[in-house]
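Hydrogens, waters and symmetry mates play no part in the numbers below; they use all other heavy atoms, side chains included.
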Amino acid sequence: MSSSRIEYSEKYADEENEYRHVILPKELAKTLPKTRLLTENEWRSIGVQQSRGWEHYAIHRPEPHILLFRRPLGTDPQTGAVNPELKRLALEEYKGQFGLRGN
């Protein structure tokens, strides 16, 4: 299956995590497990390409071809580990987007 047909959302965040969803071709999604989350090796093996630290965290039952991913704010994309300084900066950016500075 061509990974060029896989679509990626922009990232979005809350105070704890950043998120994104990945839209698979429906024919590819039909071959995936329906009752459990995918491991990183599994989602990479079907052509999903992302930096390190992402976790497939939920199954969107109405649209199983959409994979939901999250990772903690401040995750270093090269190591997959949370960097406290990156986390502080990401949290400041999140708060700034919603006028929450100083809270």
Please name all residues satisfying side-chain contact (heavy atoms from CB on, under 4.5 Å) with R36, sequence neighbours left out, ordered by chain then number. P33, E42
Around atom CD of Q78, are there more than 12 heavy atoms of other residues, nucleotides or ligands at under 6.0 Å? no
Could E27 and K30 be called an ion pair, given the rule that one side-chain N must be under 4.0 Å from one carboxylate O? no
Heavy-atom pair with the smallest gap, counting every atom of A90 and G74: CB-N, 4.2 Å
Tell me whether the NZ or CZ atom of R20 lies within the 45° cone about the ring axis of W54 and under 6.0 Å from its centre. yes
Side chains of H65 and I23 in contact at under 4.5 Å (non-hydrogen atoms): yes
Anything under 30° is parallel, anything over 60° is perpendicular, the rest tilted; go ahead and classify Y19 against Y12. parallel
In this structure, are over 12 heavy atoms from other groups packed under 6.0 Å from R44 atom CZ? yes
Any chance you could measure E55, atom CD, to N17, atom CG, to the nearest 0.5 Å? 8.0 Å
Would you say that L38 contacts L32 through its side chain, given a criterion of any heavy-atom pair below 4.5 Å between the two side chains? yes
Provide the closest heavy-atom pair for S51 versus P77 in the form atom of the first, atom of the second, distance. CB-O, 3.4 Å
Rounded to the nearest 0.5 Å, how far apart are CD1 of I66 and NZ of K26? 8.5 Å
Minimum heavy-atom separation for V82 and L73, please, with both atom names. CG1-O, 3.8 Å
Side-chain contact test, heavy atoms from C-beta onward, threshold under 4.5 Å: evaluate it for Y8 versus Q49 and give yes or no. yes
Indicate yes or no: at least one non-hydrogen side-chain atom of I6 is less than 4.5 angstrom from one of P25. yes
What's the shortest heavy-atom distance between L91 and E15, and which atoms? CD1-O, 3.7 Å
Minimum side-chain heavy-atom gap V48-L24 below 4.5 Å: yes
Side chains of R71 and K11: does their closest heavy-atom pair fall under 4.5 Å? yes
Sub-3.5 Å donor-acceptor pair from the side chain of H56 to the main-chain atoms of A58, do we have one? yes
In terms of side-chain geometry, is the basic nitrogen of E92 or K87 positioned less than 4.0 Å from the acidic oxygen of its partner? no
Hey, could you give me the CD1/CG distance between I46 and N41, rounded to the nearest 0.5 Å? 12.0 Å
Is a donor on one side and an acceptor on the other found under 3.5 Å between the side chain of T79 and the backbone of A81? yes
More than 12 heavy atoms of other residues, nucleotides or ligands under 6.0 Å from NZ of K34: is that the case? yes
To the nearest 0.5 Å, atom OH of Y94 lies from atom CD of E16 at 9.5 Å
With the side chain counted from C-beta on, respond yes when H21 and E10 share a heavy-atom pair under 4.5 Å apart, and no when they do not. no
